[in-house]
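Notes to accompany the following structure.
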2 protein chains.
Amino acid sequence: MKPSRRPTAHDVAALAGVSQSAVSRAFTPGASISRRARLLVQQAAETLGYRPNLIARSLITRRSGTIGIAIGYMDNQFYPAMLDAMCAGFAAAGYRVLLFTPGPGGDPDPILDEVLRYQVEAVVLASARLTSHFAEQCSQARVPVVLFNRRTERATVSSITGRNREGAAEIARFLIDGGHLRFAYVAGLEDSSTSRDRERGFVDTLRQAGLTPATRVVGHYDFALAREAARTLFSAPSPPDAIFCANDHTAFAVMQTAQAEFGLRVGTDISVVGFDDVPLAAWPAFDLTTYAQPIRPMAERVVAATLAHLADPLCPPIQEQVDGSLIVRGSARLPPRRHS
Amino acid sequence: MKPSRRPTAHDVAALAGVSQSAVSRAFTPGASISRRARLLVQQAAETLGYRPNLIARSLITRRSGTIGIAIGYMDNQFYPAMLDAMCAGFAAAGYRVLLFTPGPGGDPDPILDEVLRYQVEAVVLASARLTSHFAEQCSQARVPVVLFNRRTERATVSSITGRNREGAAEIARFLIDGGHLRFAYVAGLEDSSTSRDRERGFVDTLRQAGLTPATRVVGHYDFALAREAARTLFSAPSPPDAIFCANDHTAFAVMQTAQAEFGLRVGTDISVVGFDDVPLAAWPAFDLTTYAQPIRPMAERVVAATLAHLADPLCPPIQEQVDGSLIVRGSARLPPRRHS
DNA sequence: TTGAAAGCGCTAACAG
DNA sequence: CTGTTAGCGCTTTCAA
């Protein structure tokens, strides 16, 4: 017994009494090989516990079959759910996922370099940090980039987002119809396109309705900071009665602070609305009114866009917005019923 | 301009006027190369945008630098948090993470095969499905396996778990001291070692105290199913006053069902205790008493165990239990204060 | 310190 | 359908 090395195609070939190329062919779906030869190889492979080395294959085919996914915010349920869905989508398309989580603090650049060295065929960026520079480096290396839930100003890179402006505008109208008067927006990260787009849709709609502009605080998409922002809001001389939060995760922080620290009844004393419709939003404890960004469809679009770039390197940037919809639950006062 | 191919070490060598081996050496930390040569190479690499191909390197070094992580339950906050921590840990150790999420339903075996073909150096299993058979296949292929948060009966494979028995026993004592009388356990998956161990610690402690055995329902670690189980519990003629749930995720389902559907005040009318101490448990809306499984330390132990196997292929299985602690919050009635 | 040469395990022409 | 022959891009002896 030769215990040290894993069996190679040569070993299998020797045992099966065929050439090494025959072994290769036996493991290649469309290859031309006789049933007999394939059987011989399969048996030999079985007894040896042979498994084709995909690394060696990648080297020659120049396709690693690997997609890099950068994802942050694992405490915001939206991202793990998305990761799960994307992973499944890529797996179904025959790709493996190399995960990298650019932790808080520290320069994310070295990790990018690492990933590119590993010959990922494309990169999906789902983290607000490291978006622009990172994306640039990738496209310089001719590695397609797909941004998820964020975009860049320059239309040079692909992105899949929700309908941030439209969704926020719909929320504004919903709150206006609900008879609210003092609005507030809890922003995410200042340099996040997503937070800015949502703010814009919200603020513009209020302005068009001739209402008092919304108070603005910043939660940085962080639970603790969002709670801090909520305290600022509720401690003000004239606190808001309608709060739109940059995402559900932020909304949870705001709701709980309102209830636990200010004794406010959410949905009655004040209205809180989020964005995303993560599974938690439907939990009885939250019952959050929010604008749904559908996980599965978005994941599918990300996968599709990535595959499009892989299929055609000259494919122009794809910028898609996936439709969402307002999910009305109990965290915001309802507009009066209209006759239909 | 030759746009099609990415630059290789040869291209860099040609431009720098050195041999291709020199290029290799310039990118190998400990290699013997003159400052001059290294500089030449670095400049040439810079202008060409050269990045060493790690796939090619793996082929010759026989080390892919990649760890496979199988993880499920992305809706249970414990797992994304753990994934994040493990990813960071492996990255710090110079390893990349290949993620695979064995979705619900379907045979997980083909995906395993896929992963092994990709030459991962080790596999971390953090999903209850695919544990035993999968682990066997891996060790047959001489790929070290580390189970996370689960173990197998046979002590042949490494595992990192929390103190399930002890933690559950401590919870039982806490509830007994709190003066509860009618206990219940909401189990996870029936074939999960974790759920069984927790149940055992809980049940044994009750028995030793001479108390009525706990009612037992099954939540399968699933939110909806756990709610269903909770309904069964609360609809019984003599409903429990102390419920221990297999994990926090299950506890959230139980708490909310108690409140929303049965009008029970958690922490007053009934006590609910979980296991894990996920970030959500500390949210005001839940304020869940639970037994903490510390994410960071557990992740560190997983990484350490994996590296130990990598460093020494003959390393015997490592079975570690990471200490936890009871986190007392408001979801369970407190034992009466004692004089200290 | 350096370059030449020999592969890592596999795929992909190319003849037979 | 099959075996032979070149490599994929890199690391690693081995002499020089």
Side-chain angles (χ1 to χ4, degrees), chain A residues 2 4-42 44-45 48-66 114 116-121 141-142, chain B residues 2 4-42 44-45 48-66 114 116-121 141-142:
Chain A
K2 236 198 296 174
S4 51
R5 241 171 71 266
R6 282 216 267 264
T8 75
H10 274 104
D11 303 330
V12 177
L15 181 61
V18 296
S19 77
Q20 182 267 342
S21 356
V23 177
S24 170
R25 285 194 266 264
F27 281 93
T28 307
S32 79
I33 185 173
S34 63
R35 283 182 43 72
R36 193 186 119 72
R38 164 170 284 130
L39 229 68
L40 246 41
V41 170
Q42 279 173 349
L48 257 46
Y50 168 74
R51 246 180 275 269
N53 183 333
L54 291 194
I55 293 254
R57 174 194 301 214
S58 315
L59 193 55
I60 175 138
T61 59
R62 292 145 189 278
R63 314 200 330 93
S64 66
T66 301
E114 188 64 7
L116 289 181
R117 285 180 188 200
Y118 211 78
Q119 309 296 108
V120 294
E121 293 186 35
R142 294 166 188 285
Chain B
K2 237 200 294 177
S4 52
R5 243 171 70 267
R6 282 216 266 266
T8 76
H10 275 104
D11 303 330
V12 177
L15 182 61
V18 297
S19 77
Q20 182 267 343
S21 350
V23 177
S24 170
R25 286 195 264 264
F27 281 92
T28 308
S32 80
I33 185 173
S34 63
R35 283 182 46 72
R36 191 185 119 72
R38 163 170 282 130
L39 229 68
L40 246 41
V41 169
Q42 279 172 349
L48 256 45
Y50 169 74
R51 247 180 275 269
N53 183 335
L54 290 194
I55 293 257
R57 175 196 300 218
S58 315
L59 193 55
I60 176 139
T61 60
R62 291 145 190 279
R63 314 198 331 92
S64 67
T66 301
E114 188 64 9
L116 289 180
R117 285 180 186 199
Y118 212 77
Q119 309 296 111
V120 294
E121 293 186 35
R142 297 166 187 284

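Nothing here was measured: the structure is a model prediction, and the numbers come from that model. So that the names make sense, note that chain A is the first sequence line, chain B the second, and so on, each numbered from 1.
- As rounded to whole Å, 11 Å separates atom C1' of C/dC8 from atom NE2 of A/His10.
- Shortest non-hydrogen contact noted between A/Ala44 and A/Ala16 is CB-CB, 3.8 Å.
- The distance between atom CG of A/Asn53 and atom P of D/dC8, rounded to the nearest whole Å, is 18 Å.
- Comparing D/dG7, D/dT2, C/dC10 by their nearest atom to the side chain of A/Ile60 picks out D/dG7.
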May I have the step-by-step check of side-chain contact (heavy atoms from CB on, under 4.5 Å) for B/Val41 and B/Tyr50, ending in yes or no? CA-CA 10 Å; B/Val41 169; B/Tyr50 169 74; over 6 Å; no
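- Between B/Ala45 and B/Val12, the shortest heavy-atom contact is N-CG1, 3.9 Å.
- Applying a 4.0 Å cut-off to non-hydrogen atoms, the residues of residues 17-24 of chain B that approach DNA chain D are B/Gln20, B/Ser21, B/Ser24, listed by residue number.
- Residue A/Thr8 is classed as a sugar-phosphate contact, given heavy-atom separations below 4.0 Å to backbone atoms only.
- Heavy atoms of A/Ser32 sit under 4.0 angstrom from at least one base atom.
- What separates CZ of A/Arg57 from C1' of C/dC8 is a distance of 17 Å, to the nearest Å.
- A distance of 9.0 Å separates OG1 in B/Thr8 from CG in B/Leu48, rounded to the nearest 0.5 Å.
- Side-chain to base pairing of B/Arg6 with D/dG9: no donor and acceptor N or O lie closer than 3.5 Å to each other.
- Between the CG atom of B/Leu59 and the C1' atom of D/dG9 there is a distance of 9 Å, rounded to whole Å.
- Note that NE2 of B/His10 and CD of B/Gln20 are 4.5 Å apart. Values are rounded to the nearest 0.5 Å.
- Spacing between atom CG of B/Leu54 and atom C1' of C/dC8 amounts to 15 Å, rounded to whole angstrom units.
- The distance between atom CD1 of B/Ile55 and atom C1' of C/dT11, rounded to the nearest whole Å, is 15 Å.
- Taken over five-pair windows at either terminus, the axes of the helix from C/dT1-D/dA16 to C/dG16-D/dC1 are inclined to one another by 30° (rounded to 10 degrees).
- B/Arg62 comes within 4.0 angstrom of sugar-phosphate atoms only, judged by non-hydrogen atoms across all strands, and of no base.
- Taking every side-chain heavy atom of B/Arg25 into account, C/dG3 is the closest of C/dG3, D/dC10, D/dT2.
- Nearest heavy-atom pair across A/Pro7 and A/Gly49 is CG-O, 3.8 Å.
- A/Arg63 places no side-chain N or O within 3.5 Å of a backbone atom of A/Glu121 that could act as its donor or acceptor partner.
- For the atom pair OH (A/Tyr118) and CZ (B/Arg57), the distance works out to 11.0 Å, reported to the nearest 0.5 Å.
- In terms of modelled atom types and a separation under 3.5 Å, the side chain of A/Gln119 and the main chain of B/Leu54 share no donor-acceptor contact.
- Side chains of B/Asn53 and A/Leu59 form a contact here, defined as non-hydrogen atoms less than 4.5 Å apart.
- A residue-by-residue look at A/Ala9 and B/Ser34 shows that B/Ser34 has its nearest nucleotide of DNA chain C further toward the 5' end.
- At the heavy-atom level, A/Tyr50 lies under 4.0 Å from the strands shown only through sugar-phosphate atoms.
- Mapping B/Ala37 and B/Thr61 onto DNA chain C via the closest heavy atom, the residue that lands nearer the 5' end is B/Ala37.
- Straight-line distance from the CG atom of A/Leu48 to the P atom of C/dG9: 14 Å, rounded to whole Å.
- Counting to the nearest Å, the C1' atom of C/dG3 and the CG atom of B/Leu40 are 15 Å from each other.
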